[in-house]
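Notes for the one structure printed next.
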Amino acid sequence: MIKVIADSSCDRRELPGIPFRSIPLMISTDERHFRDDEQLDVPEMIHYLAGYRGRSFTACPSIEAWLGAFEGADIVYAITITSGLSGSYNSAVTARDLYLQEHPDTKIHIFDSLSTGPELWLLMDRLAELIQAGADYDTICKTGDEYLNSARLFFVLHSLHNLAQNGRVSKVVSAAVGVMGIRVLGTASPEGTLANTGKIRGDRRANEELLRQIEEAGYQGGRVRIAHVQNPELADAFARLLRSRYPEADLSIGVCGGLCSYYAEKGALLVAVEC
Ligand code: X90
């Protein structure tokens with residue numbers, strides 16, 4: 001059996017036609033714990049956190065959680081959130097090494113997305129195509145790794161509070177925000193960390209600048225995956241803008257799960273593109 005597994009930074013809880021498991025990360029305060037699975041009420045979590053005055057934090061999946069997910073598969077393609085900001089990749093690699101000692105015939109490839117959210121959707125869709133076309137393990141690993149190298153993630157955030165609180169962004173970058181109407185633009189760096197690419201006032205100008213940066217990165221009409229945190233209007237507006245120039249683009253819009261919603265925060269737009 002072939003299995004695709006991704007940690008919950010992938011936002012999706014199924015991959016049509018393919019046995020798929022999502023491994024939850026956790027979002028916590030000193031009072032409550034939110035498991036980022038299909039039962040999580042993301043709007044309720046966001047609402048609760050907005051009114052919570054204490055600290056909040058997250059935890060990546062344990063080695064045991066990855067081990068459990070490998071069970072029963074002959075071939076596993078696993079995808080993690082960037083190793084530049086989370087321990088999920090290391091946890092998955094350690095689990096693989098342990099698992100292979102007991103199951104030497106299983107094949108397990110771990111993709112470090114060096115990104116999050118919609119960039120994982122792109123890879124999941126590509127892996128599903130390759131698996132359905134009957135490609136072999138080595139080809140899928142190589143093609144998937146190359147695919148990730150050519151995909152890019154860009155985003156617009158309204159707040160960097162939770163990223164800063166958890167040391168995932170430098171003080172210099174986070175100092176700039178919190179001002180009403182100011183949007184922070186960024187991209188996943190080659191090392192899989194957050195690179196700030198500008199600040200801008202207003203949604204319309206932010207969307208235009210986002211598309212400009214995406215084109216500058218080499219986008220020519222390939223696939224686009226858009227994730228938002230309680231901001232379908234902004235996602236639609238960006239999709240319309242992109243379609244006005246690339247009417248044929250394969251584009252889909254979805255909502256962020258718990259982990260990406262926590263860090264990207266209300267209003268955010270995350271856009272992954274094939275470059
Ligand atoms: O291991 C853990 O506890 C999870 C830590 C995750 C930290 C970063 C999550 C970022 C989510 C924010 C905007 C996009 C930044 C992407 C940079 C690669 C989304």
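Atom set for the values below is all heavy atoms of this structure, side chains included, hydrogens, waters and symmetry mates excluded. Each ligand, and each atom within it, is numbered from 1 in the order the structure gives.
- Nearest non-hydrogen protein atom to atom 16 (C) of ligand 1 is F155 CE2, 3.8 Å.
- The protein heavy-atom contact nearest to atom 6 (C) of ligand 1 is Y263 CE1, 3.6 Å.
- Put simply, the side chain of S91 gets close to the backbone of P61: a donor and an acceptor are under 3.5 Å apart.
- Side-chain atoms of D36 come within 3.5 Å of backbone atoms of G258 as a donor-acceptor pair (strictly under, hydrogens ignored).
- Distances from atom 18 (C) of ligand 1 to the heavy atoms of G84, S83, C260, A188 show the closest one on A188.
- In this structure a side-chain-to-backbone donor-acceptor pair under 3.5 Å is missing from S28 to T58.
- Neither the backbone nor the side chain of S88 has a heavy atom within less than 4.0 Å of ligand 1.
- Side chain of S261 to backbone of C256: a donor-acceptor contact under 3.5 angstrom is found.
- With a heavy-atom cut-off of 4.0 Å, N166 does not touch ligand 1 at all.
- Residue, atom and distance of the protein heavy atom nearest to atom 8 (C) of ligand 1 are L85 CD1, 3.7 Å.
- Ring orientation note: the planes of F34 and Y48 are tilted relative to one another, at an angle of 30° to 60°.
- The nearest protein atom to atom 2 (C) of ligand 1, hydrogens excluded, is given as T58 OG1, 3.4 Å; this is a heavy-atom distance.
- E119 is not listed as a side-chain neighbour of S113, based on a closest heavy-atom distance of 4.5 Å or more.
- Within the listing of ligand 1, atoms 3 (O) sit less than 4.0 angstrom from a heavy atom of A59.
- For the side-chain contact (heavy atoms from CB on, under 4.5 Å) with W66, the qualifying choice from D7, V93, T94, V76 is D7, the only one to do so.
- Not one N or O of T116 is nearer than 3.5 Å to an N or O of ligand 1, by distance alone.
- Set against the non-hydrogen atoms of R168, the atoms of ligand 1 under 4.0 Å away are 1 (O), 2 (C), 3 (O), 5 (C), 7 (C).
- Remark: ligand 1 atoms within the under-4.0 Å shell around heavy atoms of I81 are 6 (C), 9 (C).
- Side chain of N196 to backbone of L185: a donor-acceptor contact under 3.5 angstrom is found.
- At the top of the distance list for atom 1 (O) of ligand 1, counting protein heavy atoms only, stands S86 OG, 2.7 Å.
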